[in-house]
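Shown next, in structure tokens, is the structure this report addresses.
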Amino acid sequence: MKDFLNQELAVDDWAILGTPTGQGRGFRVMKVVKFSAKMVQVTNPYATGYYAGRKTSVYPNQLVKILPEQLTWYAITR
């Protein structure tokens, strides 16, 4: 499957998911867990409390794949 920028997604890739509405609006760093016929299942390893370990299914065009270097930069500056 391909993301919003037409990059190939694979299991264990990191991606950014935009959440445009609600209290949690902004961007989330997500990890690709598995694929179904039309959707990608992702999880947020940084989530705590109720959301820790929860998996969400999204369409692949809602994700933008990021490189490990970009993830490291995000973790350091967070």
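The basis for the numbers below is simple: all heavy atoms, side chains too, and nothing from hydrogens, waters or symmetry mates. One-based numbering along the sequence shown.
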Legend entry - Pairwise salt bridge (Lys or Arg N to Asp or Glu O under 4.0 Å) hits with a residue in residues 60-72, at least two apart: Asp13-Lys65
Inset, instruction - Using the test side-chain hydrogen bond (donor to acceptor under 3.5 Å, both in side chains), find all partners of Asp3 that sit at least two apart in sequence or belong to another chain. - result: Gln7
Inset, instruction - Evaluate the side-chain proximity of Trp14 to Pro45: yes if any heavy-atom separation is below 4.5 Å, no if none is. - result: yes
Inset, instruction - Please go through Tyr59's hydrophobic cluster and name the other residues, only I, L, V, M, F, W, Y counting, with side-chain heavy atoms under 4.5 Å joining them. - result: Met39
Inset, instruction - Quick one: name the residues clustered hydrophobically with Val64, using the 4.5 Å side-chain heavy-atom rule over I, L, V, M, F, W, Y, and just say none if it's on its own. - result: Phe4, Leu5
Inset, instruction - Identify the two heavy atoms, one from Asn44 and one from Val29, that lie closest to each other, and give their separation to 0.1 Å. - result: OD1-O, 3.4 Å
Inset, instruction - Enter the distance from Ile66:CD1 to Trp73:CH2 here, rounded to the nearest 0.5 Å. - result: 10.0 Å
Legend entry - Shared-cluster residues of Val32, by chain and number - hydrophobic side chains joined below 4.5 Å: Met1, Leu9, Val11, Leu17, Met30, Phe35, Val40, Val42, Val58, Leu63
Legend entry - Of all pairs that satisfy salt bridge (Lys or Arg N to Asp or Glu O under 4.0 Å), the ones with a partner from residues 34-59, not counting sequence neighbours: none
